[in-house]
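What follows is a single structure, written as structure tokens, with notes after it.
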Amino acid sequence: MSGKVAVVTGAARGLGRAFTEALLKRGDKVCFCDVDVQQGKQTENELKKNFGDDNVQFLPCDVRKDEEFKDFFNRVIQKYNTVDIMVNNAGIMNENQWRTTIDINLTAVIHGSLLAMNHMKNKSTGGGLIVNVSSLAGVMPVSFCPAYTASKHGVIAFSRSWALHPELKKNRIKITCLCPSFADTDIIKGTDDKVHGPKLARMVMKQYGLMVTDRVTEAFLRVLDDADNNGKAMMVTPKIMDYHTFHDPKL
Ligand SMILES: NC(=O)c1ccc[n+]([C@@H]2O[C@H](COP(=O)([O-])OP(=O)(O)OC[C@H]3O[C@@H](n4cnc5c(N)ncnc54)[C@H](O)[C@@H]3O)[C@@H](O)[C@H]2O)c1
Ligand SMILES: CCCCC/C=C\C=C\[C@H](O)C/C=C\C/C=C\CCCC(=O)O
């Protein structure tokens with residue numbers, strides 16, 4: 001039994017919900033947020049039935065809103081006294097709303113990581129893990145969703161840069177990324193046909209295959225269990241489950 005306290009953003013459904021369930025199964029306590037309050041409450045009820053009232057809590061929060069996000073994070077600390085694992089998962093894909101895409105997929109991931117770092121370095125027990133959900137689109141170009149792809153590249157660049165910081169090492173804080181290819185969640189359904197070129201997107205998706213969420217959860221748990229995950233990006237596709245090799249210039 002792990003017995004840690006975890007935060008998962010955007011976990012009313014999809015991968016966030018799957019990560020929440022996986023953490024609860026390990027014996028962690030999880031506080032999750034979402035902008036979709038109705039779905040969040042429904043998920044909370046279902047999870048409480050399976051994992052116990054005290055172990056899981058939903059709080060409404062739009063991670064784009066700085067004060068709301070800060071308040072959500074503080075309320076988790078008030079309830080559980082600590083945060084050991086922060087999963088910045090909330091994300092959208094909508095090339096028509098490219099600013100909002102950057103706000104949620106990148107800016108809020110930066111904010112969530114900083115909230116977690118500030119807490120983790122000040123807590124008496126010290127240490128913690130931040131898992132930032134990027135995408136396979138974080139390590140390669142994707143023609144039908146350039147803004148989404150930029151946001152996911154940004155998540156990896158931010159996480160790898162902080163991972164090098166001596167202050168994180170001193171405080172035993174690790175920061176790592178998860179990079180799934182297509183997985184069967186609602187994000188796949190909610191795309192705007194005009195911008196993405198649905199034919200191309202569907203063709204690419206057919207070529208890559210669609211993973212069940214359990215496969216992504218397996219990769220998530222592998223990252224959690226790996227002591228050597230700092231600054232890494234775990235790719236998960238129907239065929240691959242391995243860290244990406246970065247070719248940084250040797251100056
Ligand atoms: N499903 C895939 O194919 C896939 C592949 C790679 C990466 N990802 C990433 O995984 C993450 C989860 O996506 P998913 O596939 O579960 O999609 P999803 O649409 O099923 O879930 C996303 C969740 O985030 C919530 N959310 C959106 N905006 C929010 C906000 N401003 N504040 C709080 N919550 C918000 C949504 O309400 C939803 O519950 C995203 O970051 C996505 O980019 C998904
Ligand atoms: C039919 C619409 C599909 C839209 C897909 C929606 C969301 C997907 C989000 C994932 O994060 C994307 C994951 C991986 C994309 C990576 C590679 C695609 C390769 C593109 C190419 O080969 O041109």
Side-chain angles (χ1 to χ4, degrees), residues 7-21 32-44 58-66 68-69 72-73 87-95 97 99-109 111-112 131-156 177-213 215-217 219-220 233-238 240 244:
V7 169
V8 187
T9 68
R13 67 179 195 208
L15 294 179
R17 178 184 171 143
F19 300 152
T20 299
E21 286 200 55
F32 69 97
C33 77
D34 207 288
V35 72
D36 183 342
V37 180
Q38 202 184 342
Q39 185 60 52
K41 282 186 177 158
Q42 191 183 314
T43 298
E44 182 190 40
F58 165 69
L59 291 169
C61 169
D62 180 341
V63 294
R64 273 179 307 175
K65 299 188 176 149
D66 283 359
E68 255 184 48
F69 202 177
F72 160 66
F73 195 84
V87 186
N88 288 301
N89 165 79
I92 63 160
M93 182 196 261
N94 188 329
E95 294 295 307
Q97 294 176 21
R99 259 185 220 281
T100 313
T101 298
I102 300 294
D103 286 349
I104 298 173
N105 294 9
L106 178 57
T107 312
V109 170
H111 189 200
V131 181
N132 287 334
V133 179
S134 175
S135 162
L136 199 65
V139 294
M140 64 187 286
V142 186
S143 60
F144 59 82
C145 53
Y148 180 85
T149 301
S151 73
K152 296 301 186 179
H153 271 68
V155 166
I156 294 180
C177 292
L178 188 64
C179 304
S181 64
F182 301 102
D184 193 6
T185 70
D186 286 355
I187 204 171
I188 299 291
K189 298 170 196 151
T191 50
D192 185 323
D193 284 1
K194 286 191 282 299
V195 177
H196 295 116
K199 277 198 188 132
L200 173 64
R202 277 193 207 109
M203 224 169 66
V204 171
M205 221 163 60
K206 208 170 168 189
Q207 188 191 341
Y208 271 69
L210 193 60
M211 294 180 288
V212 291
T213 54
R215 177 151 176 89
V216 186
T217 305
F220 172 74
M234 170 64 79
M235 298 179 293
V236 50
T237 78
I240 305 166
H244 179 68

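First listed ligand is number 1; within each ligand, the first listed atom is number 1.
- Residue K152 has at least one heavy-atom neighbour below 4.0 Å for each of these atoms of ligand 1: 40 (C), 41 (O), 42 (C), 43 (O).
- The single protein non-hydrogen atom nearest to atom 17 (O) of ligand 1 is I187 CB, 3.4 Å, given as residue, atom name and distance.
- Ranked by closest heavy atom to atom 34 (N) of ligand 1, the top entry among V109, V155, N88, V35 is V35.
- T101 places a side-chain N or O within 3.5 Å of a backbone atom of N94 that can act as its donor or acceptor partner.
- Proximity to R202 (heavy-atom distance under 4.0 Å) selects the following atoms of ligand 2: 1 (C).
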| query | Can you check side-chain contact (heavy atoms from CB on, under 4.5 Å) on M235 and L136, steps first, answer last? | reply | CA-CA 6 Å; M235 298 179 293; L136 199 65; 4.0 Å; yes

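- Counting only heavy atoms of the protein, atom 6 (C) of ligand 1 lies nearest to P180 O, 3.1 Å.
- A 4.5 Å side-chain heavy-atom check between M211 and P180 finds at least one atom pair inside the cut-off.
- In the vicinity of F182, heavy-atom distances shorter than 4.0 Å reach the ligand 1 atoms 3 (O).
- Looking at L15 next to ligand 1, an N or O pair under 3.5 Å apart turns up.
- Of all protein heavy atoms, the one closest to atom 31 (N) of ligand 1 is D62 OD1, 2.8 Å.
- The main-chain N or O of T107 is never found under 3.5 Å from a side-chain atom of H111 such that the two would form a donor-acceptor pair.
- I92 places none of its side-chain heavy atoms less than 4.5 Å from the side chain of I187.
- In terms of protein heavy-atom proximity, atom 3 (O) of ligand 1 is closest to A183 N, 2.7 Å.
- If you number the atoms of ligand 2 from 1 as listed, the ones under 4.0 Å from a heavy atom of S135 come out as 10 (C), 11 (O), 12 (C), 13 (C), 14 (C).
- With respect to atom 12 (C) of ligand 1, the closest heavy atom belonging to the protein is N89 OD1, 3.2 Å.
- Checking side-chain atoms of R64 against main-chain N and O of A108 turns up no donor-acceptor pair under 3.5 Å.
- Against a heavy-atom cut-off of under 4.0 Å, M205 is close to the following atoms of ligand 2: 3 (C).
- Of all non-hydrogen atoms in K152 and S135, the two that sit nearest each other are CG-CB, 3.8 Å.
- Against a heavy-atom cut-off of under 4.0 Å, I188 is close to the following atoms of ligand 1: 3 (O).
- Comparing G16, C61, G10 against atom 33 (C) of ligand 1, the shortest heavy-atom distance belongs to C61.
- Of the polar atoms of Y148, at least one N or O is found under 3.5 Å from an N or O of ligand 1, judged by distance alone.
- Nearest approach of S181 to Y208, heavy atoms of both residues: CB-CD2, 4.3 Å.
- Comparing heavy-atom distances from atom 22 (C) of ligand 1 across G91, G14, A90 singles out G91 as nearest.
- No side-chain heavy atom of D184 sits less than 4.5 Å from a side-chain heavy atom of V212.
- With rounding to the nearest 0.5 angstrom, the CZ atom of F32 is 9.0 Å from the CG atom of L59.
- With E95 contributing its side chain and F144 its backbone, the two residues share no donor-acceptor pair below 3.5 Å.
- For ligand 1, none of its N or O atoms has an N or O atom of C33 under 3.5 Å away.
- Using a distance-only test at 3.5 Å, with no hydrogens or angles considered, no donor-acceptor pair links the side chain of H244 to the main chain of M234.
- Within ligand 1, counting atoms from 1 as listed, the ones closer than 4.0 Å to a heavy atom of V133 are 9 (C), 10 (O), 11 (C).
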- Task: Would you please test N105 and Y148 for side-chain contact (heavy atoms from CB on, under 4.5 Å) and show each step?
- Result: CA-CA 8 Å; N105 294 9; Y148 180 85; 3.4 Å; yes

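- The protein heavy atom nearest to atom 15 (O) of ligand 1 is T185 OG1, 2.5 Å.
- Protein heavy atom at the shortest distance from atom 5 (C) of ligand 1 is S181 O, 3.2 Å.
- The proximity of Q207 to ligand 2, defined as any non-hydrogen pair under 4.0 Å, does not occur for either the backbone or the side chain.
- The closest side-chain heavy-atom distance from F19 to V133 is below 4.5 Å.
- Of the N or O atoms in R13, one or more lie within a sub-3.5 Å distance of an N or O in ligand 1.
- For the ligand labelled ligand 1, residue S134 lies inside the 4.0 Å heavy-atom shell.
- Protein heavy atom in closest approach to atom 36 (C) of ligand 1: D34 OD1, 3.5 Å.
- Under a 4.0 Å criterion applied to the non-hydrogen atoms of I104, ligand 1 contributes the atoms 28 (N), 31 (N).
- When each of D34, L178, V8 is checked for a side-chain contact (heavy atoms from CB on, under 4.5 Å) with N89, only V8 meets the rule.
- When the heavy-atom distances from atom 27 (C) of ligand 1 to T237, I92, V8, V37 are ranked, the shortest goes to I92.
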